Amino acid sequence: MEVERVQALALGGIHDLPAHFIRPEHERPENSKAIEGVSVPVISLSQSRDVLVKEIAEASSKWGFFAVKDHGVSPALIKRLQEVGEEFFGLAQEEKEKYANDPTKGKFEGYGTKMIKNKDQKLEWVDYYFHLMAPPAKVNHDVWPQNPPTYREVTEDYNKEVERLTDEILALLSEGLNLETNVLKTHMGGDEIEVEMKINMYPPCPRPELALGVEPHTDMSALTFLVPNDVPGLQVWMDGTWVAVDYVPDTLYIHIGDQIEVLSNGKYKSILHRSTVNKERTRMSWAVFCVPPGETVVGPLPELLDDQNPAKYMAKTFDDYRYRKINKLPQ
(Lines give C-alpha, C1' and ligand atoms only; values in the text may rest on other atoms or scores of the structure.)
Protein backbone atom coordinates (compact mmCIF):
# COMPACT_ATOMS: atom_id res chain seq x y z
CA MET A 1 0.00 0.00 0.00
CA GLU A 2 1.43 3.35 -1.09
CA VAL A 3 1.64 5.90 1.73
CA GLU A 4 2.83 9.50 1.40
CA ARG A 5 5.65 9.94 3.91
CA VAL A 6 6.04 13.39 5.47
CA GLN A 7 9.83 13.09 5.61
CA ALA A 8 9.95 12.26 1.89
CA LEU A 9 7.79 15.32 1.15
CA ALA A 10 10.13 17.53 3.16
CA LEU A 11 13.26 16.08 1.55
CA GLY A 12 11.66 16.73 -1.84
CA GLY A 13 11.95 20.45 -1.14
CA ILE A 14 8.28 21.42 -1.33
CA HIS A 15 7.59 25.15 -0.91
CA ASP A 16 3.83 25.01 -0.39
CA LEU A 17 2.00 23.00 2.22
CA PRO A 18 -0.41 20.42 0.72
CA ALA A 19 -4.01 21.27 1.63
CA HIS A 20 -4.55 18.14 3.76
CA PHE A 21 -1.91 19.40 6.23
CA ILE A 22 -3.43 22.88 6.64
CA ARG A 23 -5.31 22.98 9.95
CA PRO A 24 -8.71 24.66 10.43
CA GLU A 25 -8.21 28.35 11.23
CA HIS A 26 -8.83 28.05 14.98
CA GLU A 27 -6.21 25.26 15.28
CA ARG A 28 -3.42 26.99 13.37
CA PRO A 29 -0.45 28.00 15.53
CA GLU A 30 -0.60 31.49 14.02
CA ASN A 31 -4.11 31.89 15.48
CA SER A 32 -3.56 30.11 18.79
CA LYS A 33 -0.14 31.30 19.91
CA ALA A 34 1.43 29.73 22.99
CA ILE A 35 2.69 31.70 25.97
CA GLU A 36 6.49 31.60 26.19
CA GLY A 37 8.60 31.72 29.34
CA VAL A 38 6.21 29.94 31.73
CA SER A 39 8.04 27.42 33.91
CA VAL A 40 6.48 23.98 34.03
CA PRO A 41 7.11 21.95 37.21
CA VAL A 42 10.60 20.42 37.33
CA ILE A 43 10.92 17.90 40.16
CA SER A 44 14.09 16.31 41.51
CA LEU A 45 13.62 12.62 42.30
CA SER A 46 16.48 12.84 44.81
CA GLN A 47 14.34 14.74 47.35
CA SER A 48 12.89 13.25 50.53
CA ARG A 49 9.87 10.99 50.06
CA ASP A 50 7.32 13.30 51.67
CA VAL A 51 8.44 16.28 49.54
CA LEU A 52 8.36 14.14 46.40
CA VAL A 53 4.85 12.85 47.08
CA LYS A 54 3.60 16.39 47.68
CA GLU A 55 5.27 17.94 44.59
CA ILE A 56 4.24 15.17 42.20
CA ALA A 57 0.66 15.12 43.49
CA GLU A 58 0.42 18.91 43.14
CA ALA A 59 1.88 18.92 39.61
CA SER A 60 -0.38 16.03 38.56
CA SER A 61 -3.47 17.77 39.94
CA LYS A 62 -2.75 21.25 38.58
CA TRP A 63 -0.88 20.53 35.34
CA GLY A 64 -1.09 16.81 34.60
CA PHE A 65 2.48 17.26 33.45
CA PHE A 66 5.94 17.66 34.95
CA ALA A 67 9.61 17.15 34.21
CA VAL A 68 11.87 15.04 36.43
CA LYS A 69 15.58 15.42 37.01
CA ASP A 70 17.95 13.23 39.07
CA HIS A 71 15.98 10.32 37.62
CA GLY A 72 18.86 7.86 37.38
CA VAL A 73 18.76 7.37 33.61
CA SER A 74 22.25 8.05 32.32
CA PRO A 75 22.64 10.88 29.80
CA ALA A 76 24.78 8.46 27.75
CA LEU A 77 21.86 6.02 27.41
CA ILE A 78 19.45 8.79 26.38
CA LYS A 79 21.99 10.00 23.82
CA ARG A 80 22.31 6.45 22.40
CA LEU A 81 18.51 6.11 22.31
CA GLN A 82 18.28 9.30 20.27
CA GLU A 83 21.14 8.28 18.00
CA VAL A 84 19.62 4.93 17.00
CA GLY A 85 16.26 6.59 16.32
CA GLU A 86 17.90 9.28 14.20
CA GLU A 87 19.88 6.61 12.34
CA PHE A 88 16.71 4.71 11.46
CA PHE A 89 15.01 7.80 10.04
CA GLY A 90 18.21 8.60 8.16
CA LEU A 91 18.02 5.31 6.22
CA ALA A 92 17.06 5.19 2.56
CA GLN A 93 13.28 5.31 2.07
CA GLU A 94 13.08 1.79 0.65
CA GLU A 95 14.88 0.45 3.73
CA LYS A 96 12.43 2.17 6.08
CA GLU A 97 9.48 0.86 4.07
CA LYS A 98 10.49 -2.73 4.95
CA TYR A 99 9.09 -1.97 8.40
CA ALA A 100 5.87 -0.26 7.25
CA ASN A 101 2.81 -0.87 9.39
CA ASP A 102 -0.75 -1.13 8.08
CA PRO A 103 -3.38 -0.02 10.62
CA THR A 104 -6.15 -0.81 8.10
CA LYS A 105 -5.23 -4.49 8.56
CA GLY A 106 -4.71 -4.26 12.32
CA LYS A 107 -0.93 -4.11 11.99
CA PHE A 108 -0.13 -1.13 14.23
CA GLU A 109 3.52 -1.82 15.02
CA GLY A 110 6.23 -0.55 12.70
CA TYR A 111 7.01 2.50 10.57
CA GLY A 112 4.00 4.69 9.93
CA THR A 113 2.35 7.90 8.81
CA LYS A 114 -1.23 8.89 9.57
CA MET A 115 -3.46 8.44 6.54
CA ILE A 116 -6.56 10.30 5.40
CA LYS A 117 -9.79 8.50 6.39
CA ASN A 118 -12.09 11.01 4.71
CA LYS A 119 -11.72 14.07 2.51
CA ASP A 120 -12.14 16.52 5.41
CA GLN A 121 -9.58 14.97 7.74
CA LYS A 122 -6.46 17.02 8.27
CA LEU A 123 -3.14 15.25 8.68
CA GLU A 124 -0.34 15.74 11.17
CA TRP A 125 3.15 16.68 9.97
CA VAL A 126 4.86 13.60 11.40
CA ASP A 127 6.19 10.13 10.59
CA TYR A 128 6.64 7.65 13.43
CA TYR A 129 7.89 4.24 14.52
CA PHE A 130 5.74 2.35 17.03
CA HIS A 131 6.33 -0.95 18.83
CA LEU A 132 5.80 -2.72 22.15
CA MET A 133 8.73 -2.92 24.59
CA ALA A 134 7.09 -4.95 27.40
CA PRO A 135 5.92 -7.34 28.76
CA PRO A 136 8.26 -9.87 27.11
CA ALA A 137 5.46 -12.28 26.17
CA LYS A 138 3.84 -9.65 23.94
CA VAL A 139 7.00 -8.25 22.33
CA ASN A 140 7.64 -9.13 18.69
CA HIS A 141 11.24 -8.23 17.84
CA ASP A 142 10.55 -8.91 14.16
CA VAL A 143 8.80 -5.51 13.98
CA TRP A 144 11.70 -3.67 15.63
CA PRO A 145 14.27 -2.01 13.35
CA GLN A 146 17.13 -4.38 12.53
CA ASN A 147 19.11 -1.40 11.29
CA PRO A 148 20.90 0.21 13.05
CA PRO A 149 22.16 -3.07 14.57
CA THR A 150 22.38 -1.60 18.10
CA TYR A 151 18.70 -0.54 18.13
CA ARG A 152 17.49 -3.56 20.11
CA GLU A 153 20.19 -3.45 22.78
CA VAL A 154 19.79 0.29 23.39
CA THR A 155 16.00 0.13 23.45
CA GLU A 156 15.94 -2.83 25.85
CA ASP A 157 18.31 -0.96 28.18
CA TYR A 158 16.04 2.07 28.06
CA ASN A 159 12.96 -0.07 28.68
CA LYS A 160 14.47 -1.33 31.96
CA GLU A 161 14.87 2.26 33.10
CA VAL A 162 11.33 3.20 32.07
CA GLU A 163 9.89 0.22 33.94
CA ARG A 164 11.83 1.25 37.06
CA LEU A 165 10.56 4.82 36.78
CA THR A 166 7.00 3.66 36.09
CA ASP A 167 6.99 1.74 39.38
CA GLU A 168 8.44 4.76 41.18
CA ILE A 169 6.01 7.33 39.76
CA LEU A 170 2.94 5.10 40.23
CA ALA A 171 3.97 4.53 43.86
CA LEU A 172 4.37 8.27 44.47
CA LEU A 173 1.02 9.01 42.80
CA SER A 174 -0.66 6.33 44.95
CA GLU A 175 0.75 7.86 48.11
CA GLY A 176 -0.40 11.27 46.90
CA LEU A 177 -3.95 9.86 47.01
CA ASN A 178 -3.31 8.65 50.60
CA LEU A 179 -3.37 5.05 49.39
CA GLU A 180 -1.00 2.12 49.74
CA THR A 181 2.08 2.36 47.52
CA ASN A 182 1.10 -0.46 45.15
CA VAL A 183 -2.57 0.44 44.53
CA LEU A 184 -2.27 2.20 41.17
CA LYS A 185 0.14 -0.37 39.74
CA THR A 186 -2.12 -3.24 40.85
CA HIS A 187 -5.18 -1.67 39.20
CA MET A 188 -3.13 -1.08 36.05
CA GLY A 189 -2.35 -4.76 35.61
CA GLY A 190 0.71 -5.17 37.85
CA ASP A 191 3.66 -6.75 36.06
CA GLU A 192 1.55 -7.12 32.90
CA ILE A 193 1.54 -3.34 32.29
CA GLU A 194 2.34 -2.78 28.62
CA VAL A 195 5.11 -0.40 27.58
CA GLU A 196 4.93 1.09 24.08
CA MET A 197 7.62 3.06 22.24
CA LYS A 198 6.69 5.70 19.68
CA ILE A 199 9.45 7.66 17.96
CA ASN A 200 7.98 10.82 16.40
CA MET A 201 9.83 12.48 13.53
CA TYR A 202 8.70 16.00 12.55
CA PRO A 203 10.68 17.16 9.46
CA PRO A 204 11.10 20.83 8.52
CA CYS A 205 7.75 22.22 7.36
CA PRO A 206 7.41 24.95 4.70
CA ARG A 207 4.49 26.65 6.52
CA PRO A 208 4.75 25.77 10.22
CA GLU A 209 2.25 28.48 11.17
CA LEU A 210 -0.48 26.50 9.35
CA ALA A 211 0.36 22.95 10.44
CA LEU A 212 0.66 20.80 13.55
CA GLY A 213 2.99 17.89 14.27
CA VAL A 214 0.38 16.40 16.59
CA GLU A 215 -3.10 17.82 17.04
CA PRO A 216 -4.46 18.63 20.52
CA HIS A 217 -5.13 15.45 22.48
CA THR A 218 -4.77 13.74 25.82
CA ASP A 219 -2.90 10.43 25.98
CA MET A 220 -5.01 7.31 26.50
CA SER A 221 -2.12 5.83 28.52
CA ALA A 222 -1.71 5.91 32.28
CA LEU A 223 1.70 7.59 32.06
CA THR A 224 3.77 8.86 29.15
CA PHE A 225 7.53 9.38 29.41
CA LEU A 226 8.86 11.79 26.82
CA VAL A 227 12.41 12.49 25.65
CA PRO A 228 12.56 15.30 23.04
CA ASN A 229 15.50 16.57 21.06
CA ASP A 230 16.43 20.24 21.54
CA VAL A 231 14.00 21.60 18.92
CA PRO A 232 11.01 23.15 20.74
CA GLY A 233 7.47 22.22 19.82
CA LEU A 234 5.66 20.62 22.77
CA GLN A 235 2.82 22.79 24.11
CA VAL A 236 0.44 22.04 26.99
CA TRP A 237 -3.01 23.51 27.71
CA MET A 238 -3.14 25.38 31.00
CA ASP A 239 -5.72 27.86 32.30
CA GLY A 240 -7.32 28.36 28.91
CA THR A 241 -4.19 28.92 26.84
CA TRP A 242 -1.32 27.03 25.23
CA VAL A 243 1.98 27.08 27.14
CA ALA A 244 5.25 26.39 25.30
CA VAL A 245 7.39 23.82 27.13
CA ASP A 246 11.04 24.81 27.23
CA TYR A 247 13.70 22.21 26.53
CA VAL A 248 15.47 21.35 29.80
CA PRO A 249 18.56 19.14 29.27
CA ASP A 250 18.82 15.89 31.25
CA THR A 251 15.15 15.82 32.23
CA LEU A 252 12.38 13.42 31.32
CA TYR A 253 8.90 14.82 30.72
CA ILE A 254 6.01 12.89 32.27
CA HIS A 255 2.41 13.23 31.08
CA ILE A 256 -0.48 12.05 33.21
CA GLY A 257 -2.72 10.07 30.87
CA ASP A 258 -6.42 9.27 30.78
CA GLN A 259 -6.17 6.03 32.82
CA ILE A 260 -4.63 7.79 35.83
CA GLU A 261 -7.29 10.53 35.61
CA VAL A 262 -9.98 7.83 35.67
CA LEU A 263 -8.39 5.80 38.49
CA SER A 264 -7.93 8.94 40.60
CA ASN A 265 -11.55 9.99 39.86
CA GLY A 266 -10.30 13.27 38.43
CA LYS A 267 -7.89 14.26 41.20
CA TYR A 268 -5.02 13.87 38.73
CA LYS A 269 -5.50 15.51 35.34
CA SER A 270 -4.74 14.05 31.90
CA ILE A 271 -2.90 16.85 30.12
CA LEU A 272 -4.16 18.25 26.82
CA HIS A 273 -1.14 18.87 24.60
CA ARG A 274 -0.06 19.39 21.00
CA SER A 275 3.16 19.63 18.98
CA THR A 276 4.12 22.40 16.60
CA VAL A 277 6.73 22.13 13.85
CA ASN A 278 9.72 24.12 12.66
CA LYS A 279 10.58 25.59 9.27
CA GLU A 280 14.34 24.96 9.45
CA ARG A 281 14.93 22.07 11.83
CA THR A 282 13.77 18.50 12.44
CA ARG A 283 12.08 17.89 15.76
CA MET A 284 12.07 14.38 17.20
CA SER A 285 10.62 12.90 20.36
CA TRP A 286 10.68 9.50 21.99
CA ALA A 287 7.35 8.85 23.73
CA VAL A 288 6.88 5.78 25.90
CA PHE A 289 3.30 4.95 26.83
CA CYS A 290 2.53 2.81 29.89
CA VAL A 291 -0.90 1.23 29.45
CA PRO A 292 -2.95 -1.51 31.13
CA PRO A 293 -3.44 -4.82 29.31
CA GLY A 294 -6.50 -4.61 27.06
CA GLU A 295 -8.72 -6.82 29.22
CA THR A 296 -8.03 -4.83 32.42
CA VAL A 297 -11.11 -3.02 33.71
CA VAL A 298 -10.21 0.56 34.66
CA GLY A 299 -12.53 2.73 36.74
CA PRO A 300 -12.35 5.11 39.69
CA LEU A 301 -10.65 3.48 42.69
CA PRO A 302 -13.30 2.39 45.22
CA GLU A 303 -11.15 3.75 48.07
CA LEU A 304 -11.67 7.29 46.71
CA LEU A 305 -15.47 7.11 46.43
CA ASP A 306 -18.18 7.98 48.96
CA ASP A 307 -21.48 9.88 49.07
CA GLN A 308 -19.66 13.21 48.70
CA ASN A 309 -17.33 11.88 45.98
CA PRO A 310 -19.31 9.75 43.50
CA ALA A 311 -17.64 8.16 40.49
CA LYS A 312 -17.10 10.66 37.64
CA TYR A 313 -16.15 7.99 35.08
CA MET A 314 -17.57 4.68 33.90
CA ALA A 315 -15.44 1.59 34.46
CA LYS A 316 -14.58 -0.28 31.25
CA THR A 317 -11.85 -2.47 29.80
CA PHE A 318 -8.87 -0.63 28.36
CA ASP A 319 -9.65 -2.25 24.99
CA ASP A 320 -13.11 -0.67 25.08
CA TYR A 321 -11.67 2.67 26.18
CA ARG A 322 -9.10 2.63 23.39
CA TYR A 323 -11.71 1.72 20.75
CA ARG A 324 -13.95 4.58 21.87
CA LYS A 325 -11.08 7.07 22.00
CA ILE A 326 -9.72 6.17 18.53
CA ASN A 327 -13.19 6.31 17.00
CA LYS A 328 -14.13 9.53 18.89
CA LEU A 329 -17.07 7.88 20.68
CA PRO A 330 -18.35 9.01 24.10
CA GLN A 331 -16.67 7.27 27.03
Side-chain angles (χ1 to χ4, degrees), residues 3-40 42 65 67 78-79 81-91 93 96 111-115 121-130 197-217 219 224-238 241-253 255 271-288:
V3 179
E4 180 181 57
R5 303 300 184 190
V6 175
Q7 186 183 14
L9 273 178
L11 288 172
I14 61 167
H15 299 293
D16 294 314
L17 193 63
H20 49 276
F21 290 103
I22 299 175
R23 308 303 301 187
E25 289 215 12
H26 68 282
E27 285 188 14
R28 296 175 189 173
E30 65 179 0
N31 297 329
S32 55
K33 292 193 186 308
I35 297 173
E36 306 276 348
V38 176
S39 296
V40 303
V42 179
F65 176 83
I78 290 175
K79 184 169 184 286
L81 179 78
Q82 293 177 309
E83 285 171 350
V84 293
E86 289 164 359
E87 283 179 47
F88 174 80
F89 279 99
L91 295 172
Q93 193 59 40
K96 294 196 288 279
Y111 171 57
T113 303
K114 192 171 178 183
M115 293 176 292
Q121 187 181 19
K122 298 302 182 180
L123 291 191
E124 299 164 324
W125 190 259
V126 62
D127 295 330
Y128 64 85
Y129 204 108
F130 175 80
M197 167 65 81
K198 188 179 185 191
I199 308 172
N200 295 301
M201 197 276 188
Y202 311 95
C205 177
R207 298 291 302 278
E209 73 280 6
L210 303 179
L212 287 173
V214 177
E215 64 190 21
H217 69 288
D219 290 344
T224 303
F225 294 86
L226 188 77
V227 170
N229 68 358
D230 62 352
V231 178
L234 176 63
Q235 299 179 352
V236 297
W237 186 254
M238 184 68 181
T241 191
W242 291 108
V243 173
V245 177
D246 290 336
Y247 172 71
V248 183
D250 299 326
T251 61
L252 297 176
Y253 297 102
H255 301 237
I271 181 67
L272 183 69
H273 56 287
R274 70 179 187 181
S275 180
T276 58
V277 290
N278 192 286
K279 187 167 187 174
E280 312 295 338
R281 301 178 64 197
T282 294
R283 180 171 186 266
M284 289 186 71
S285 66
W286 288 254
V288 174

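Index from 1, following the sequence. Just so you know, these numbers come straight off a predicted model, no measurement behind them.
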If you apply the rule side chain to side chain contact (heavy atoms under 4.5 Å, CB included), what do you find for Gln7 with Lys96, and how did you get there?
CA-CA 11 Å; Gln7 186 183 14; Lys96 294 196 288 279; 3.4 Å; yes

Those residues that, when tested against Glu27, pass salt bridge (charged side-chain N to carboxylate O under 4.0 Å, His left out) (two or more places apart):
Arg23

Quick one: salt bridge (charged side-chain N to carboxylate O under 4.0 Å, His left out) partners of Arg207, sequence neighbours excluded?
Glu209

Do you know which two heavy atoms are closest between [X] and [Y], and how far apart they sit?
X      : Y      : answer
Ala10  : Pro204 : CB-O, 3.5 Å
Ser32  : Arg28  : OG-O, 2.9 Å
Val277 : Pro208 : O-CB, 3.4 Å
Leu226 : Ala287 : CD1-CB, 3.7 Å
Trp286 : Leu81  : NE1-O, 3.5 Å

Just to verify, what does Glu83 make a side chain to side chain donor-acceptor pair (under 3.5 Å) with, not counting sequence neighbours?
Lys79

How far does [atom1] of [X] sit from [atom2] of [Y], to the nearest 0.5 angstrom?
X      : Y      : atom1 : atom2 : value
Phe65  : Tyr253 : CZ    : OH    : 6.5 Å
Leu210 : Leu17  : CG    : CG    : 6.0 Å
Ser275 : Glu124 : OG    : CD    : 9.0 Å
Met201 : Ser285 : CE    : OG    : 11.5 Å
Asn200 : Tyr129 : CG    : OH    : 14.0 Å
Asp127 : Glu4   : CG    : CD    : 10.0 Å

Do Val126 and Lys114 pass the side chain to side chain contact (heavy atoms under 4.5 Å, CB included) test, and can you show the C-alpha distance, the side-chain angles, and the key distance before you say yes or no?
CA-CA 8 Å; Val126 62; Lys114 192 171 178 183; 6.0 Å; no

Report the C-alpha separation of Leu212 and Thr276 in whole Å, then their side-chain angles, then the decisive distance to 0.1 Å, and conclude whether the side chain to side chain contact (heavy atoms under 4.5 Å, CB included) test is met.
CA-CA 5 Å; Leu212 287 173; Thr276 58; 4.1 Å; yes

Could you check whether Lys198 makes a cation-pi contact with Tyr128, meaning its NZ or CZ is under 6.0 Å from the centre of the six-membered ring and within 45° of the ring axis?
yes

Just distance, no hydrogens or angles: give the donor-acceptor pairs under 3.5 Å from side chains in residues 228-237, sequence neighbours left out.
unit_1	atom_1	unit_2	atom_2	d
Asn229	OD1	Val231	N	3.2
Asn229	OD1	Met284	N	3.2
Asn229	ND2	Thr282	O	3.1
Asp230	OD1	Arg281	NH2	2.9
Gln235	OE1	Arg274	NE	2.8
Gln235	OE1	Arg274	NH2	2.9

Flag, side chain of His255 to backbone of Phe225, donor-acceptor distance under 3.5 Å
no

Please tell me if the side chains of Lys279 and Pro206 come closer than 4.5 Å, counting only heavy atoms from C-beta onward.
no

Is there a side-chain contact between Asn278 and Arg283, using heavy atoms and a 4.5 Å cut-off?
no

Could you go through Glu87 and Leu91, starting from their C-alpha distance and side-chain angles, then the distance that decides it, and tell me whether this counts as side chain to side chain contact (heavy atoms under 4.5 Å, CB included)?
CA-CA 7 Å; Glu87 283 179 47; Leu91 295 172; over 6 Å; no

What residues form a side chain to side chain contact (heavy atoms under 4.5 Å, CB included) with Ile35, not counting sequence neighbours?
Val38, Thr241

Centroid separation Phe21 to Trp125 less than 6.0 Å:
yes

Which residues pass the ring pair (Phe, Tyr, Trp, His ring centres under 6.0 Å) test with Tyr111, sequence neighbours left out?
Phe88

